[in-house]
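We count ligands from 1, going down the list as the structure has it; atoms in each ligand are counted the same way. Quantities reported herein were computed from a predicted structural model and do not represent experimental measurements.
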Amino acid sequence: MVARAFQLYLLLTAVFAAVVDFEEAGAKADDSAEEVEWKNGALLNQSLAALRPGDVLQVPGKTFYLMGGIQAHNLAHVVIRIDGTLKFSDKKKAWPRIGGKVLPCMRFQNVSNVTFTSQQRGTLDGQGAAWWGYLRYLENEENRPRLWEMDVVKDVMVEKLLLTNSPYWTTWFTQVDGLEIRDADILNRRNGRRGHDLWNLGAFNTDGWDLQGTNVWVHHSKVWNQDDCFTVKGSSSNMLFENIEASGLGLTIGSQGGKDVVTNITFRNVYMDRTYKGIYMKFRDVDKDEVSIIQNITYDNIYMKEPEQWAIWIGPAQQSDSRYFWEGHPCSLLWPSMPGAQCHPSERGIYRNILLRNITIDNPKMQPGVIWAGKSFPMKNLTFDSVRVVNWHKRKADLRYRVCDGVDSASALAIGGTSPTPACFRSNGSELLV
Ligand SMILES: *[C@@H]1O[C@H](CO)[C@@H](O)[C@H](O)[C@H]1NC(C)=O
Ligand SMILES: *[C@@H]1O[C@H](CO)[C@@H](O)[C@H](O)[C@H]1NC(C)=O
Ligand SMILES: *[C@@H]1O[C@H](CO)[C@@H](O)[C@H](O)[C@H]1NC(C)=O
Ligand SMILES: *[C@@H]1O[C@H](CO)[C@@H](O)[C@H](O)[C@H]1NC(C)=O
Ligand SMILES: *[C@@H]1O[C@H](CO)[C@@H](O)[C@H](O)[C@H]1NC(C)=O
Ligand SMILES: *[C@@H]1O[C@H](CO)[C@@H](O)[C@H](O)[C@H]1NC(C)=O
Ligand SMILES: *[C@@H]1O[C@H](CO)[C@@H](O)[C@H](O)[C@H]1NC(C)=O
Ligand SMILES: *[C@@H]1O[C@H](CO)[C@@H](O)[C@H](O)[C@H]1NC(C)=O
């Protein structure tokens with residue numbers, strides 16, 4: 001009965017549903033004056049607040065400059081169609097703040113059965129160049145706007161969009177239950193160079209899809225950025241990432257901490273061109289009375305073309321949380337190249353039931369990886385099946401994992417032509433046959 005009544009409700013709302021055009025509602029295109037940005041931003045706030053079930057909000061195929069801090073609450077059964085570009089202000093001083101902290105470009109709270117789409121390819125542009133760089137990092141640190149936040153997300157579709165030039169994390173979708181992302185790309189780079197040099201890496205913290213929750217399917221999406229590309233965060237489960245391309249800090253789980261549990265995550269059919277990291281699972285330091293778990297994880301059919309840093313990293317987070325960016329929390333970004341740089345495994349992070357299968361690391365710039373847990377909870381049931389380095393042009397003696405430690409060797413298996421075999425794994429000899 002309830003379902004019936006609800007269907008009737010939807011039918012009735014469909015009859016009275018409206019297509020709201022952003023420009024017809026008063027938005028002004030192609031004008032980046034600050035007053036226009038404020039007016040367009042306020043209008044987007046109002047237009048979102050006015051949406052009723054069945055409505056479509058349409059941004060026509062032009063460029064609209066707007067101030068950030070866009071907020072929408074309790075949206076349900078609507079379509080947001082972006083045919084043009086929403087370009088967020090680069091006027092940092094004017095940016096809305098609460099208690100000194102900048103608001104994100106857009107934030108949606110409690111969204112259900114909402115489709116974000118386009119009739120062509122819509123663009124969200126954060127004009128990140130105004131916020132990126134080493135000197136600006138010392139000034140703003142991480143007080144930079146995320147491009148798109150959503151919290152409490154139920155049955156949402158994101159498609160046919162380009163998210164670009166994000167000042168900080170591109171997305172941060174939390175408490176998700178039911179999300180599909182397809183044919184939607186992320187691009188955060190400072191120039192066209194194919195790779196991640198120090199200049200491009202200065203677009204700090206420009207994470208791609210940062211997702212926390214359950215029942216997520218991401219496919220046919222490309223990310224090129226300077227931090228984690230496709231990222232499972234917090235406590236999360238039942239996520240599938242497939243038929244994707246990524247170049248940046250990789251296919252990431254973490255950094256986990258607190259009591260986070262991650263389970264049943266698959267990445268498969270992935271092409272990674274000159275990525276910085278490839279497969280990247282990471283724990284922060286976990287408090288004394290807590291443990292954090294990453295389990296039941298599969299990485300399958302992944303090709304890395306000329307990875308520039310670590311192709312495989314299963315260990316502590318290699319990152320810094322402060323302006324002292326050379327410090328490790330818990331593993332320094334400068335480890336191991338700078339003598340004295342700190343790096344230690346996370347003692348209360350648990351890795352178990354992890355399968356890497358059919359992974360090709362083609363002509364890496366560095367040794368293939370790091371596999372590193374603490375002594376209290378060694379990694380259990382770790383399988384490398386056909387994980388191979390090909391076109392190794394450096395010294396033969398260096399063709400080995402840089403660290404292989406804190407692993408329960410009895411349940412760590414290298415099979416299917418895995419080469420090189422991580423030193424702390426058991427190998428039943430099958431790799432010699434291939
Ligand atoms: C949009 O609304 C939020 C919440 O009321 C507000 O903080 C923000 O400044 C508004 N943004 C613009 C551009 O008006
Ligand atoms: C979330 O949004 C739905 C639909 O608009 C509404 O019914 C529900 O009360 C909202 N939940 C909260 C916690 O505000
Ligand atoms: C989702 O919303 C659309 C309108 O955008 C509506 O036609 C459809 O029936 C809704 N689906 C569910 C399951 O409520
Ligand atoms: C694992 O996640 C997938 C979705 O990616 C889901 O289809 C499957 O049922 C989940 N398995 C378990 C045991 O929950
Ligand atoms: C994780 O995998 C183990 C063994 O494969 C299985 O017993 C367990 O049910 C799985 N847990 C989840 C939450 O998928
Ligand atoms: C292994 O992965 C590659 C992509 O790197 C794919 O082309 C190939 O079909 C996969 N092989 C198997 C046996 O799945
Ligand atoms: C070991 O992990 C694999 C997935 O890699 C899983 O299928 C298997 O059930 C796990 N074994 C145990 C004993 O948990
Ligand atoms: C090696 O291990 C694999 C997977 O467990 C198994 O299929 C294969 O038969 C084993 N080979 C030998 C020589 O024991």
Aromatic centroids of Phe88 and Tyr65 separated by under 6.0 Å: no

Closest protein heavy atom to atom 8 (C) of ligand 1, given as residue, atom name and distance to 0.1 Å: Gly69 O, 3.4 Å

Minimum non-hydrogen distance to atom 3 (C) of ligand 4, winning option of Asn264, Asn215, Val216, Leu240: Asn264

Closest to atom 11 (N) of ligand 3 among Asn113, Asp155, Asp55 (heavy-atom distance): Asn113

Atom 5 (O) of ligand 1 protein-contacted, heavy-atom criterion under 4.0 angstrom: no

Side chain Arg348, main chain Val286, donor-acceptor under 3.5 Å: yes

Atom 7 (O) of ligand 1 [closest protein heavy-atom partner, distance rounded to 0.1 Å]: Leu103 CD1, 3.7 Å

Salt bridge Arg121-Asp185, side-chain N to carboxylate O under 4.0 Å: yes

Pair Lys277-Gln309, side-chain donor/acceptor within less than 3.5 Å: yes

Asp300 and Arg357 ion-paired at < 4.0 Å: yes

Between Asp21 and Gln58, a side-chain donor and acceptor under 3.5 Å: yes

Atom pair CG/OG1 of Leu179 and Thr214 - distance to nearest 0.5 Å: 11.0 Å

Atoms of ligand 1, numbered as shown, that sit under 4.0 Å from any heavy atom of Gly68: 11 (N), 13 (C)

For atom 9 (O) of ligand 1, closest protein heavy-atom neighbour: Pro96 CB, 4.0 Å

Ligand 1 N/O within reach of Asn45 N/O, cut-off under 3.5 Å: yes

Residue portion contacting ligand 1 (non-hydrogen atoms closer than 4.0 Å) for Leu66: neither

